[in-house]
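See below for the structure under consideration.
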Amino acid sequence: MKPKVLVTREVFYEVLEYLSQYFEVTSNQSDSLMEPGTLAVNLSDKEGALVTLSDRIDSTLLSCCPDLKAVCNIAVGYDNIDLDACTKARIMATNTPGVLDDTTGDFTWALILATARRLTEAESYLRSGQWDGWKLKQFLGMDVHHATLGIFGLGRIGQVVARRSIGFEMKVIYQDVRRAGPEIEQACRASFVDKNELLAQADIVSVHVPYSPATHHLIGKQELERMKPASVLINASRGGVVDDAALIESLRSGAIAAAGLDVFENEPKLHPGFLELKNVVLAPHIASSSKATRLKMAMLAAQNLVAALAGETPPNLLNPF
Ligand code: GLV
């Protein structure tokens, strides 16, 4: 008999076909988020699960799943998974690093350009029928070329963002818990600076760190106050890395000029303050969402699941035990 696995959300047909070669698959192609109780019931007789970043995998859930051996996230970030609880229950957890770096880096640039050049604000104005002709001072934005880009987190995605900036002839500065090696700094043309220097110098601050207790509100009131009034903040990493209430206050008061955001605290709920502001570009957590990349992410998660349940070490194991 094939092991039973659960796919918690809609995935591509190719992924289901691949999984079906190895497993008896139950899949939620209707794509509605399962409440914790429903997830527990669905997972109670399964050996493996393909999950998404919206599924919370914690000790309460795991205590309902005696047969579970592997939980494979379709995401590089895994703050939705309690790794210690998985390890205690001897359940392997995996993520999908590498395959989404370029796509997420591209989207970060979409946010940078749209935010600096006020694209969504200008489009709404045009769509609402208010445009009555060219004006010299209409939607004056900020130049991206030759500006200083400040990157928090020069990991895989941060590096892509930095490398893409070369075409815009920007100065790149970065801050990370560890300084990158000289080859990386050279390829990114990035200089290591401390946090306050970055905040004070950057015209564009872009955040590329995973969410954890250590990065909770990495950008809060104090940090926003240190940024230049003409600067913009970009977040395509995780909600919670930025203090949304403090950011809204800074955007309202003009402490910073604008923000481009793909992620939010408590998403999909948005802090209502964002919707009242014109100087923020908002996206629904789609930075990795190109067709090719989302397929690669789901396939990589599926390959992790196949390896884990075959008794092998999955390629992206997060909690070796
Ligand atoms: C997306 O946010 C991911 O972590 O892959």
Side-chain angles (χ1 to χ4, degrees), residues 7-12 15 31 33 49-58 70-83 86 92-112 114 151-161 164 176-177 206-219 233-242 244 247 259-270 274 281-305 314-319:
V7 179
T8 63
R9 298 295 293 272
E10 182 179 10
V11 291
F12 300 95
V15 177
D31 206 27
L33 178 66
L50 218 65
V51 304
T52 68
L53 52 84
S54 315
D55 300 308
R56 193 135 295 284
I57 310 298
D58 56 18
V71 173
C72 301
N73 219 24
I74 309 176
V76 63
Y78 50 88
D79 47 291
N80 57 312
I81 300 179
D82 181 339
L83 274 195
C86 286
M92 289 181 256
T94 68
N95 68 338
T96 61
V99 292
L100 48 76
D101 303 343
D102 281 308
T103 302
T104 303
D106 288 352
F107 191 80
T108 302
W109 273 96
L111 283 180
I112 291 173
I151 295 180
F152 277 104
L154 198 67
R156 286 181 305 261
I157 296 170
Q159 288 173 38
V160 170
V161 173
R164 302 273 192 276
D176 207 323
V177 279
S206 193
V207 184
H208 301 282
V209 298
Y211 179 77
S212 74
T215 59
H216 179 73
H217 289 183
L218 173 75
I219 305 293
L233 176 72
I234 305 296
N235 186 13
S237 62
R238 267 296 179 277
V241 171
V242 174
D244 285 353
L247 175 59
L261 307 171
D262 186 46
V263 288
F264 306 88
E265 291 190 281
N266 309 313
E267 61 184 58
K269 282 190 192 132
L270 277 200
F274 282 128
V281 174
L282 304 167
H285 204 148
I286 55 167
S288 66
S289 190
S290 72
K291 193 173 172 194
T293 293
R294 286 282 167 92
L295 177 58
K296 280 186 203 159
M297 289 165 67
M299 264 300 181
L300 184 53
Q303 285 156 0
N304 275 307
L305 188 55
N316 308 112
L317 183 63
L318 293 164
N319 60 337

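Computation of the quantities below employed the complete heavy-atom set of this structure, encompassing side-chain atoms and omitting hydrogens, waters and symmetry-equivalent molecules. Just follow the structure's listing: the first ligand is 1, and inside any ligand the first atom is 1.
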Which ligand 1 atoms are under 4.0 Å away from a heavy-atom of Ala75?
3 (C), 4 (O), 5 (O)

What I want to check is whether the side chains of Asp55 and Thr52 have a donor and an acceptor closer together than 3.5 Å.
yes

Note: ligand 1 atoms sitting under 4.0 Å from heavy atoms of Met297 are 5 (O)

Does Thr96, backbone or side chain, put an N or O under 3.5 Å from an N or O of ligand 1?
no

Please state which part of Thr104 comes within less than 4.0 Å of ligand 1, counting heavy atoms only: side chain, backbone, both or neither.
neither

What closest approach, in Å, do Ala236 and Thr108 show between heavy atoms, and which atom pair accounts for it?
CB-OG1, 3.9 Å

Closer than 4.0 Å to some heavy atom of Arg238 - which atoms of ligand 1 meet that?
1 (C), 2 (O), 3 (C), 4 (O)

Show the nearest heavy-atom pair for residues Leu305 and Ala49, with the distance to one decimal.
CD1-N, 3.8 Å

Ligand 1 to His285, heavy atom cutoff 4.0 Å, flagged ligand atoms 1 (C), 2 (O)

Could you list the atoms of ligand 1 found under 4.0 angstrom from a heavy atom of Gly77?
3 (C), 4 (O)

Whether the side chain of Gln159 engages the backbone of Leu154 through a donor-acceptor N/O pair (distance < 3.5 Å, no angle test) should be reported.
yes

Output the list of atoms in ligand 1 that are nearer than 4.0 Å to some heavy atom of Leu53, sorted by atom number.
1 (C), 2 (O)

Checking a contact table here: which protein heavy atom is nearest atom 5 (O) of ligand 1, and how many Å away?
Val76 N, 2.8 Å

Check Leu100 against ligand 1 and report side chain, backbone, both or neither, counting heavy atoms closer than 4.0 Å.
side chain

Are Leu100 and Ile157 side-chain neighbours, meaning at least one heavy-atom pair lies under 4.5 Å?
yes

Ile57 and Tyr78: side-chain contact (heavy atoms from CB on, under 4.5 Å), yes or no, with the steps?
CA-CA 10 Å; Ile57 310 298; Tyr78 50 88; over 6 Å; no

Taking the side chain as C-beta and beyond, is there a heavy-atom pair between Asn266 and Asp244 under 4.5 Å?
no

